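Below you'll find the structure, written out as structure tokens, and then a few comments.
It should be emphasised that the depicted structure is a prediction, and the values quoted were computed from it without experimental measurement.
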Amino acid sequence: MGRHSPLVLLSEEHHRELAHARRLLRAADAGPEERLAVASAYVDAFFTETVGHFRHEEEILFPLYLRHAGSTPVLERILREHMELHGLVRALRAEAAAGNIAPETLRTLGDLLHDHVRVEERELFKEIERIVPAAELEGVRLSEQSV
């Protein structure tokens, strides 16, 4: 992929998120048991993995980008989508607790997750690598950072 090393870990995590998005979208057309199983698995993954991923981006990577580029429409979109994803997963968690997953909930979440990851990878990360000096970017240690 040719990413700077601090972004490689995030890109690998993005690949897992894309796999989750595909499972959510497939499950939207499945029966109630599979919808519930896929929804529950993603809720667990979101709170154990994705929230930490968002924190690394929001607390370490994005402020670095902001110092060099200022606020940009793509950064504003990504941050807004982080909040939307939190809300959708909380709604999904409530549906799972009730034992009734609406197919549209899975579609909405799967579509947003897919599009979000694509924009981060194809637009924001490319822009970060273009704007942030390589030496400064290489100094970021996302995998070792405790946030």
CD of Glu13 to CG of Leu7, rounded to nearest 0.5 Å, is 11.5 Å
Exercise. Are Leu137 and Leu124 co-members of a hydrophobic cluster defined by side-chain heavy atoms under 4.5 Å apart?
Worked result: yes
message: Does Arg90 form a side-chain contact (heavy atoms from CB on, under 4.5 Å) with Phe47? I'd like the steps, not just the answer.
response: CA-CA 10 Å; Arg90 281 182 164 68; Phe47 288 107; 3.9 Å; yes
Find out whether His82 and Phe62 are in side-chain contact, i.e. whether some heavy atom of one side chain is under 4.5 Å from a heavy atom of the other.
-> yes
**Prompt:** Does the Glu95 side chain pair with the main chain of Ala102, one donor and one acceptor, at a distance under 3.5 Å?
**Reply:** yes
Sorted by chain and residue number, the side-chain contact (heavy atoms from CB on, under 4.5 Å) partners of Glu76 (sequence neighbours excluded) come out as Ser71
* To do: Can you label the angle between the Phe46 ring and the His86 ring as parallel, tilted or perpendicular, going by 30° and 60°?
  => perpendicular
Notebook entry, point to check: Hey, is Arg16 close enough to Glu12 for a salt bridge, meaning N to O under 4.0 Å?
Noted result: no
CG of Leu113 to CG of Leu18, rounded to nearest 0.5 Å, is 7.0 Å
Heavy-atom closest pair (Pro103 atom, Ala28 atom, distance to 0.1 Å) is CB-O, 3.3 Å
Given the rule that I, L, V, M, F, W and Y join up when any side-chain heavy atoms are under 4.5 Å apart, are Leu24 and Val51 in one cluster? yes
* Distance-only side-chain donor-acceptor flag, Glu120 / His116, under 3.5 Å -> yes
Backbone of Ala30 reached by a side-chain donor or acceptor of Arg35 within 3.5 Å
yes
With side chains defined as the heavy atoms from C-beta onward, is the minimum distance between Leu85 and Thr50 less than 4.5 Å?
no
Q | Donor on one side chain, acceptor on other, Glu121 and Ser11, under 3.5 Å | A | yes
Worked verdict on Arg130 versus Glu127 for salt bridge (charged side-chain N to carboxylate O under 4.0 Å, His left out):
CA-CA 5 Å; Arg130 188 179 73 76; Glu127 187 69 3; 2.8 Å; yes
Taking every heavy atom of Ser40 against every heavy atom of Ala96, the minimum-distance pair comes out as OG-CB, 4.0 Å
Practice problem: Would you check if the side chain of Thr105 reaches a backbone N or O of Ile101 as a donor-acceptor pair within less than 3.5 Å? | Solution: no
In this structure, CZ of Arg80 is separated from CD1 of Ile78 (nearest 0.5 Å) by 9.0 Å
field: Pairwise side-chain contact, Glu58 with Leu79, heavy-atom cut-off 4.5 Å (strictly under)
entry: yes
Is it the case that one hydrophobic cluster holds both Val119 and Leu66, taking links as side-chain heavy atoms less than 4.5 Å apart, direct or via other members?
-> yes
- Would Arg107 and Asp29 count as a side-chain contact (heavy atoms from CB on, under 4.5 Å) if you check the C-alpha gap in whole Å, the side-chain angles of each, and the deciding distance to 0.1 Å? CA-CA 9 Å; Arg107 276 190 206 94; Asp29 296 322; 3.0 Å; yes
When rounded to the nearest 0.5 Å, the distance separating CG of Leu88 from CE of Met83 is 11.5 Å
From the list Glu17, Arg23, Arg22, side-chain hydrogen bond (donor to acceptor under 3.5 Å, both in side chains) partner of His20 resolves to Arg23
### Task
Would you kindly confirm whether Val8 and Leu64 end up in one hydrophobic cluster when ILVMFWY residues are joined by side chain heavy atoms under 4.5 Å apart?
no
So, do Leu106 and Tyr42 sit near enough that their side-chain heavy atoms are less than 4.5 Å apart? no
*asked:* Taking Leu25 as the starting point, is it possible to reach Val117 by hopping between hydrophobic residues whose side chains are less than 4.5 Å apart?
replied: no
Quiz prompt | Stepwise side-chain contact (heavy atoms from CB on, under 4.5 Å) check, His68 with Glu136 | solution = CA-CA 11 Å; His68 293 280; Glu136 198 173 335; 2.9 Å; yes
